[in-house]
*Asks:* 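I have a structure I would like to understand better, so I am pasting it below and will then ask my questions one at a time.
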Amino acid sequence: MPTDENAVSKDFIRDLIDEDIRIGRFGGRVHTRFPPEPNGYLHIGHAMSINLNFGIARDYNGKFNLRFDDTNPTKEEQEYVDSIMADIHWLGVDWEDRLFFASDYFGQLYEWAMQLIKAGKAYVCDLNADEMREYRGTLTEPGRDSPYRSRSIEENLDLFERMRKGEFADGSHTLRAKIDMTSPNVNLRDPVLYRILRATHHRTGDTWCIYPMYDYAHGQSDSIEGITHSICTLEFEDHRPLYDWCLDALGIYHPQQIEFARKALTYTVLSKRKLIELVRNNYVTGWDDPRMPTVSGLRRRGYTPEAVREFCARLGVSKANSIADFQQLEACVREDLNKRAVRVMVVLKPVKVVIDNYPEDQVEWIDADNNPEDPAAGTRKLPFSRELYVEADDYREDAPKGWFRMSPGREVRLKHAYYIKCHTAVKNDKGEIVELRCTYDPASAGGSTPDNRKVQGTLHWVSAAHAVNAVVRLYEQLFNKPNPDDVPPGGDYKDNLNPNSLIALDKAKAEPGLANLNGGERYQFMRQGYFCADTDSQSGKPVFNRTVTLKDTWGKTENKPAAKK
RNA sequence: UGGGGCGUGGCCAAGUGGUAAGGCGACGGACUCUGGAUCCGUUAUUCGGUGGUUCGAAUCCAUCCGCCCCAGCCA
């Protein structure tokens, strides 16, 4: 089945799967899963994992599960479960009827723990956290056996049962795997399988006071669900021997764990701790602040799921730590929105234009195409009148070299309408331009003249009498540096917060068709960028978030440091 | 200085012994009723370094260097 994304070469994971299929492992089945812990909102990094797992299931005609890894009730909340499901659906990913929770398996996991005890492969340990750390040894020194390591099976069974019944205090006992305290892999030094934790679980309530650890829960959950390829990130590579040990010790169906490298993104942070800090301490307005790299933030910013998916596909998968360029993400939205977004005219920083030779009370309704990239998008009518707004930045008294826009005496085209020429800039006491007096050429109706004369600049405009007042939020990167963690000793990533990451313009003038929006509508504001109506929009007072600017070769040229001749 | 990984252009990334894909970016130029879009060029004599094997090495061997992860009763 061909994918709907651009064809990218296969990655090392698909190569491994190809080989498994070739040798008939797993009976040729492919079954993946995405196992989020519901302790935060999904971000672009999770989107990569979802895309990978779901994409593989789709490409191999396999299945994809969503399973919440909810084994730590002290950090997990229903709000996160809900947001995660909404975000995954938004990404266009479907787990069909396969929504699972590790907590669904607590009963089975408990049974299996007793099986391990009976096989002499697990024991109850009375060491407290500090003692256990001491016994564990260090990276270069082996650990020592716990004094409780050789308890009888009967005693272990009894103790574990009593742990479950709540006879012991939190932290006083653990169930540990009996593996090897001298293993060079620290994860194999009798890892904890169960801990006592009196916390109300968002799904099982107070049914349990012991909870399984990730290493014990994850592989068995994969096994229960018949997962074939359990794809996770590099930091779990050291855990694979433990993943394998549990499954083998239990003698149950054994999936293959495969690790890949997560990617960072320039100008943002993806660590859960930092994201939560940004939200809790109000550096942003919430998880869905359009500056956040969360899926909900990208959505509110105006990104499309197609663009996010394409971004993931273009980056590919590897085992090398890397930092993806934010511009790559922006290129993906631009490409997608260029094809789909309806073009509209919105003046962000308006200045009044009065066309002296245009009849006072006349209004013409001009045809404008909605999307030159897509004729099927149709046309709409735009009112044109004697008084208009244009972008203040589009007028320069002293035009620099290469300037195409308005300046005294220079003729420009108003998109879809007429050629105009400015003859006077009216200023206030402070010397600020408040009005541009212009004349128009009636023969230029529709944007061209019989004599075919060329005008270099084409400006967007809005009829003053028909304009809709709008708020436009211009977003930039949340951080000033490609790597926000790049700070001098003693510094903090928050030192790199960009104070100009949000600039709200409340005097914008939009064409009349934009008066009533619900939020979520995406447009291209001609010559400026892609914008998305925000849910803060009210009737007659739309609010827009800038998704991304249009490429601006003039801005680049003009701002180029002198040198250029 | 224990164990596990990783090092290909500014950023991602193909490549698995036969003489360095692609995308993003950057830089030129064409075209244009969005300085948008589109188009067309340019952008690694070289694959972390050094030796070696081979007719031939980014790919095999040796050695060195650099970066990441692991000492939670987090995931």
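All chains are named by letter (A, B, ...) in the order of the sequence lines, taking the proteins before the strands, and each is independently numbered beginning at 1. Only heavy atoms go into these numbers, but all of them, side chains included; no hydrogens, no water, no symmetry mates.
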*Asks:* Would you tell me if any nitrogen or oxygen in the side chain of A:Arg176 comes within less than 4.0 Å of OP1 or OP2 on B:rG72?
*Replies:*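 Answer is no, no contact under 4.0 Å.
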
*Asks:* Kindly indicate whether the side chain of A:Asp238 and the base of B:rG3 share any N or O donor-acceptor pair separated by less than 3.5 Å?
*Replies:*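 For A:Asp238, whose side chain was compared with the base of B:rG3, there is a donor-acceptor pair (under 3.5 Å).
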
*Asks:* Return the stacking result for B:rA75 and A:Tyr214: yes when the ring centres lie under 5.5 Å apart and the planes under 30°, no otherwise.
*Replies:*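 So A:Tyr214 does not count as stacking on the base.
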
*Asks:* Got a salt bridge between A:Glu259 and A:Arg240, using NZ or NE/NH1/NH2 to carboxylate O under 4.0 Å?
*Replies:*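 A salt bridge is present here (some side-chain N lies under 4.0 Å from a carboxylate O).
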
*Asks:* Ignoring backbone atoms, test whether A:Ser318 places a side-chain nitrogen or oxygen under 4.0 Å from the OP1 or OP2 oxygen of B:rA13.
*Replies:*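 Checking B:rA13 against A:Ser318, a side-chain N or O does come within under 4.0 Å of OP1 or OP2.
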
*Asks:* Could you please name the option among B:rG15, B:rU34, B:rC73 that lies closest to any side-chain atom of A:Met213?
*Replies:*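 Among B:rG15, B:rU34, B:rC73, the one nearest the side chain of A:Met213 is B:rC73.
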
*Asks:* So, OP1 or OP2 of B:rC74: does either fall under 4.0 Å of a side-chain N or O from A:Thr74?
*Replies:*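 No, A:Thr74 has no side-chain N/O under 4.0 Å of OP1/OP2 on B:rC74.
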
*Asks:* Between A:Arg189 and B:rC70, is there a side-chain N or O to OP1/OP2 distance below 4.0 Å?
*Replies:*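 Indeed not, no polar side-chain atom of A:Arg189 lies that close.
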
*Asks:* Please check the phosphate of B:rC73 (OP1 and OP2 only) for any side-chain N or O of A:Arg136 closer than 4.0 Å.
*Replies:*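 Checking B:rC73 against A:Arg136, a side-chain N or O does come within under 4.0 Å of OP1 or OP2.
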
*Asks:* Evaluate side chain to side chain donor-acceptor pair (under 3.5 Å) for A:Tyr41 paired with A:Glu79, printing each intermediate quantity in order.
*Replies:* CA-CA 9 Å; A:Tyr41 278 58; A:Glu79 177 197 350; 2.7 Å; yes

*Asks:* So which nucleotide does B:rC55 pair with, by the Watson-Crick or G-U wobble rule with both distances under 3.5 Å?
*Replies:*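 Across all strands, the one nucleotide that pairs with B:rC55 is B:rG18.
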
*Asks:* Between the base of B:rU34 and the side chain of A:Gln524, is there a donor-acceptor distance below 3.5 Å?
*Replies:*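 Yes, a donor-acceptor pair under 3.5 Å.
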
*Asks:* Counting only side-chain N and O atoms of A:Lys551, is one of them less than 4.0 Å from OP1 or OP2 of B:rU34?
*Replies:*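 A:Lys551 to B:rU34 OP1/OP2: no side-chain N or O under 4.0 Å.
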
*Asks:* What I want to find out is whether A:Asp485 reaches A:Lys274 closely enough, with some N-O distance under 4.0 Å, to be called a salt bridge.
*Replies:*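 Between A:Lys274 and A:Asp485 there is a salt bridge, with a charged N closer than 4.0 Å to a carboxylate O.
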
*Asks:* Would you please confirm or rule out a distance under 4.0 Å between OP1 or OP2 of B:rA71 and any side-chain N or O of A:Thr140?
*Replies:*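 No, no such contact exists.
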
*Asks:* Can you check B:rG72 for me, syn or anti if syn means within 90° of 0?
*Replies:*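 You should classify B:rG72 as syn.
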
*Asks:* Once you apply the 3.5 Å cut-off to both distances, tell me the Watson-Crick or G-U wobble partner of B:rA37, or none.
*Replies:*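 The base-pairing partner of B:rA37, which may sit in any strand shown, does not exist here.
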
*Asks:* Looking at A:Ser322, I'd like to know whether one of its side-chain N or O atoms comes within less than 4.0 Å of OP1 or OP2 on B:rA13.
*Replies:*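 So the side chain of A:Ser322 is within the cut-off, an N or O lying under 4.0 Å from OP1 or OP2 of B:rA13.
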
*Asks:* Compute both the distance and the angle, then confirm whether A:Arg176 meets the cation-pi test with A:Tyr123: under 6.0 Å from the six-membered ring centre, within 45 degrees of the axis.
*Replies:*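 The answer is no; the distance or angle limit is not met.
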
*Asks:* Using Watson-Crick or G-U wobble geometry with both distances under 3.5 Å, which nucleotide pairs with B:rU42?
*Replies:*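 Looking at the geometry, B:rU42 pairs with B:rA26.
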
*Asks:* Among A:Asp70, A:Asp69, A:Thr74, exactly one meets side-chain hydrogen bond (donor to acceptor under 3.5 Å, both in side chains) together with A:Asn72. Which residue is that?
*Replies:*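 With A:Asn72 as partner, side-chain hydrogen bond (donor to acceptor under 3.5 Å, both in side chains) holds for just one option, A:Thr74.
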
*Asks:* Is any side-chain nitrogen or oxygen of A:Arg133 closer than 4.0 Å to OP1 or OP2 of B:rG72?
*Replies:*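 For B:rG72, OP1/OP2 do have a side-chain N/O of A:Arg133 under 4.0 Å.
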
*Asks:* Does any nucleotide pair with B:rG66 by Watson-Crick or G-U wobble geometry, both distances under 3.5 Å, and what is it?
*Replies:*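 Its partner is B:rC6 (Watson-Crick or G-U wobble, both distances under 3.5 Å).
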
*Asks:* Now, which nucleotide makes the Watson-Crick or G-U wobble pair with B:rU32, with each of the two distances under 3.5 Å?
*Replies:*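 Matched B:rU32 with nothing under the 3.5 Å cut-off.
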
*Asks:* For A:Arg413 and A:Thr458, which I'm curious about, is there any donor-acceptor pair between the side chains at under 3.5 Å?
*Replies:*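 Yes, because at least one side-chain N or O of A:Arg413 sits under 3.5 Å from a partner of the opposite role on A:Thr458.
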
*Asks:* Measuring to OP1 and OP2 of B:rC12, would you say a side-chain N or O of A:Lys263 lies under 4.0 angstrom away?
*Replies:*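 Checking A:Lys263 against B:rC12: no side-chain N or O falls below 4.0 Å of OP1 or OP2.
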
*Asks:* Less than 4.0 angstrom between a side-chain N/O of A:Lys556 and OP1 or OP2 of B:rC27, yes or no?
*Replies:*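 Answer is yes, contact under 4.0 Å.
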
*Asks:* For B:rC24, take OP1 and OP2 only and decide whether either is under 4.0 Å from a side-chain N or O of A:Arg334.
*Replies:*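 The answer is no; no side-chain N or O of A:Arg334 sits under 4.0 Å from OP1 or OP2.
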
*Asks:* Counting only distance, no hydrogens or angles, is the base of B:rG36 paired donor-acceptor with the side chain of A:Glu373 under 3.5 Å?
*Replies:*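 Looking at the base of B:rG36, it does pair with a donor or acceptor on the side chain of A:Glu373 (distance under 3.5 Å).
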
*Asks:* Of the nucleotides B:rG3, B:rU34, B:rA75, which has the atom closest to the A:Glu37 side chain?
*Replies:*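 Nearest nucleotide to the side chain: B:rA75.
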
*Asks:* At under 4.0 Å, does any side-chain N or O of A:Arg527 touch on OP1 or OP2 of B:rG35?
*Replies:*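 Yes, because at least one side-chain N or O of A:Arg527 sits under 4.0 Å from OP1 or OP2 of B:rG35.
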
*Asks:* Kindly point out which of B:rG10, B:rC74, B:rA71 is positioned nearest to the side chain of A:Asn72?
*Replies:*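 Nucleotide nearest to A:Asn72's side chain: B:rC74.
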
